[in-house]
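Here the structure is laid out as structure tokens; the discussion comes afterwards.
All ligand and atom numbering here is 1-based and tracks the order in the structure. Predicted, not measured: the structure shown is a model, and the values here were computed from it.
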Amino acid sequence: MLVLGIETSCDETAVGIVEDGRRLISNVVASQAAIHARYGGVVPEVASRHHLEAIVPVIKAALGEARCQPADLDAVAVTSGPGLAGALLVGLNAAKALSFAWEKPLVSINHLEGHIYANWLGDQVPGFPAVVLIVSGGHSELVLAEGHGVYRLLGRTRDDAAGEAFDKAARVLGLGFPGGPAIEREAREAKTKPPRLPRAWLGESCDFSFSGLKTAVGRFAVEARYPVPEIAAGFQDSVVDVLVTKTVRAINTYDASCVLLSGGVAANGLLRQTLAEKSPVPLWAPPLELCTDNGAMIAAAGFYRAESGRAGLDLDVRASWPIA
Ligand code: KG4
Ligand code: ZN
């Protein structure tokens, strides 16, 4: 079964084609990161306009890269939420038009579920129950996946998402946007022991909080007692410590058979390495290019949602759509 997946929930116009939910046939991403960099974050209206310009060329490129004709496809899957409403609308309307013109079923996908299924795009697939840490620019969710499409929300951020914290810390430290890769690069330059920045444990809760840490980075930046690489490293250590400690606790509590990492922050080397070391069960983490937003992960999820996610042309976007 060949599924074409469309993703436009934030600042990537992305289309991928996947066979049987596992085999990546093509994956084309037009990133707007450089455009939003000068504003220090994603500007929703600007994102929608650029999606409009990019969507048709990106669809054509994905079909071309796959050497595939519309007639070869079995379904069109699309992110219908959560995300920026105007940005989501561009992808959704493109998907509706293709579904109608090509006479293929339309499948509605939750963006977070898409991130989870990036872990299915490999030779071996994860088992259930799995603890999933979804950490992106808009989300920090700890989820128990008990089967395909069966999720229990264990915890979520009470303020900033993990990626948002990276982006804001990078801005305060003058490192540019997107902040995650910038902080990771800068932290590698630290020559001395980084300062210990605060961790919000919130008792036994699986919830997260990063706003206090963000404030602390601001204070360290103003005081200038430490060089920027050391502050960046201290920030990264704090985020990774909290994410890994809470994830490992959830694995033990729910007796998970494996742990899955997904979302843009899953590209972080320290997070991948620390979780791999501390997890009592096997870790799955997508290759770097499948951690950040892409269409292949939506196509992979579309295979498993082919029936339950089936939607009509009256499908609307959902800016807010909890996964469970
Ligand atoms: O999943 P994604 O592409 O978009 C959303 O759905 O939000 O995630 C983007 C986020 C940004 O906040 C970016 O700073 C962060 O992922 N990110 C990273 C790294 N690469 C991207 N954070 C930490 N370390 C990285 N290497
Ligand atoms: Zn995302």
Side-chain angles (χ1 to χ4, degrees), residues 5-14 16 27 29-34 36-37 40-42 44 47 51 78-84 87-88 91 109-119 132-141 143 156-157 160-173 175-188 210 213-214 217 232-233 235-244 260-275 285-298 300-301 319-321 323:
I6 299 181
E7 156 61 42
T8 63
S9 67
C10 191
D11 61 341
E12 263 96 29
T13 316
N27 194 32
V29 180
S31 176
Q32 306 173 10
H36 297 284
V42 178
H51 283 309
V78 62
T79 304
S80 54
L84 304 171
L88 287 163
I109 298 297
N110 179 305
H111 180 75
L112 298 176
E113 185 169 57
H115 274 303
I116 295 177
Y117 277 93
N119 283 295
V132 192
L133 177 66
I134 309 170
V135 269
S136 71
H139 297 274
S140 305
E141 257 100 345
V143 172
R156 59 186 307 184
T157 183
D160 294 343
E164 191 182 355
F166 269 96
D167 294 336
K168 287 179 176 170
R171 195 183 319 166
V172 168
L173 295 174
L175 299 176
F177 175 86
I183 295 255
E184 185 168 16
R185 263 195 313 275
E186 194 73 9
R188 259 187 245 121
F210 297 110
L213 175 60
K214 176 185 66 188
V217 170
F235 166 84
Q236 186 174 247
D237 287 348
S238 167
V239 175
V240 168
D241 189 13
V242 171
L243 291 175
V244 169
L260 316 183
L261 201 50
S262 57
V265 182
N268 186 271
L270 184 69
L271 176 60
R272 294 166 84 99
Q273 186 196 331
T274 313
L275 191 53
L288 297 191
E289 68 279 12
L290 295 177
C291 286
T292 43
D293 292 350
N294 65 86
M297 70 186 196
I298 304 303
S320 159
W321 181 6
I323 190 168

Quiz item: When only distance counts, is G264 in polar contact with ligand 1, meaning an N/O pair under 3.5 Å?
Solution: yes

Practice problem: Using a strict cut-off of 4.0 Å, indicate which atoms of ligand 1 neighbour a heavy atom of G163. | Solution: 12 (O)

Practice problem: Quick one: look up the protein heavy atom nearest atom 26 (N) of ligand 1 and list residue, atom name and how far away it is. | Solution: E184 OE1, 2.7 Å

Quiz item: Heavy-atom distance under 4.5 Å between the side chains of L243 and L271, does that happen here?
Solution: yes

Quiz item: Which part of N268 is near ligand 1, with near meaning a heavy atom under 4.0 Å away: side chain, backbone, both or neither?
Solution: both

Quiz item: Is the distance between the Zn ion (ligand 2) and the nearest N/O/S atom of H115 smaller than 2.8 Å?
Solution: yes

Quiz item: With a cut-off of 4.0 Å, which atoms of ligand 1 are near a heavy atom of G138?
Solution: 7 (O)

Quiz item: With side chains defined as the heavy atoms from C-beta onward, is the minimum distance between I6 and T79 less than 4.5 Å?
Solution: no

Quiz item: Going from CD on E289 to CG on N27, what distance comes out if it is rounded to the nearest 0.5 angstrom?
Solution: 7.5 Å

Practice problem: For atom 11 (C) of ligand 1, grab the closest protein heavy atom and report residue, atom and distance to one decimal in Å. | Solution: D167 OD2, 3.6 Å

Quiz item: Is there a heavy atom in H139 that sits closer than 4.0 Å to ligand 1?
Solution: no

Quiz prompt | H115 touching ligand 1 at heavy-atom level, < 4.0 angstrom | solution = yes

Self-check item: E113 side chain near S262 side chain, heavy-atom distance below 4.5 Å
Solution: no

Practice problem: Show which atoms of ligand 1 fall inside a sub-4.0 Å distance from at least one heavy-atom site of T292. | Solution: 3 (O)

Quiz prompt | Between CG on residue L260 and CG on residue L133, distance to nearest 0.5 Å | solution = 10.0 Å

Quiz prompt | Non-hydrogen side-chain atoms of F166 and N268 separated by less than 4.5 Å | solution = yes

Practice problem: Please could you name the atoms of ligand 1 that G179 approaches to less than 4.0 Å, counting only its heavy atoms? | Solution: 14 (O)

Practice problem: Write out the residue and atom name of the closest protein heavy atom to atom 10 (C) of ligand 1, then the distance separating them to 0.1 Å. | Solution: G137 N, 3.4 Å

Quiz prompt | Matching residue for S9 among L112, D293, L84 - test: side-chain contact (heavy atoms from CB on, under 4.5 Å) | solution = D293

Practice problem: Using non-hydrogen atoms of the residue, decide whether C10 is closer than 4.0 angstrom to ligand 1. | Solution: no

Quiz item: What atoms in ligand 1 come closer than 4.0 Å to a heavy atom of S136?
Solution: 1 (O), 5 (C), 6 (O), 7 (O), 8 (O)

Quiz item: What heavy-atom pair brings G264 and H115 nearest, and what distance separates the two atoms?
Solution: N-CE1, 4.3 Å

Practice problem: For residues L270 and E184, determine if any side-chain heavy atom of one lies less than 4.5 Å from a side-chain heavy atom of the other. | Solution: no

Exercise. Note the single closest protein heavy atom to atom 18 (C) of ligand 1, along with its residue, its atom name and the distance in Å.
Key: G180 CA, 3.4 Å

Quiz item: Any idea which protein heavy atom is nearest atom 3 (O) of ligand 1, and the distance to it?
Solution: D293 N, 3.1 Å

Practice problem: Decide yes or no on side-chain hydrogen bond (donor to acceptor under 3.5 Å, both in side chains) for H51 and T8, but give the supporting numbers first. | Solution: CA-CA 7 Å; H51 283 309; T8 63; 4.9 Å; no

Exercise. Calculate the angle formed at the Zn ion (ligand 2) by NE2 in H111 and OD1 in D293; 10° precision is enough.
Key: 100°

Quiz item: Does any N, O or S atom in H139 come within less than 2.8 Å of the Zn ion (ligand 2)?
Solution: no

Self-check item: Contact check, side chains of E12 and Q32, non-hydrogen atoms, under 4.5 Å
Solution: no

Quiz prompt | Those atoms of ligand 1 less than 4.0 Å from some heavy atom in H111 | solution = 6 (O)

Quiz item: Crowded around R156 CZ? As in, over 12 foreign heavy atoms under 6.0 Å?
Solution: no

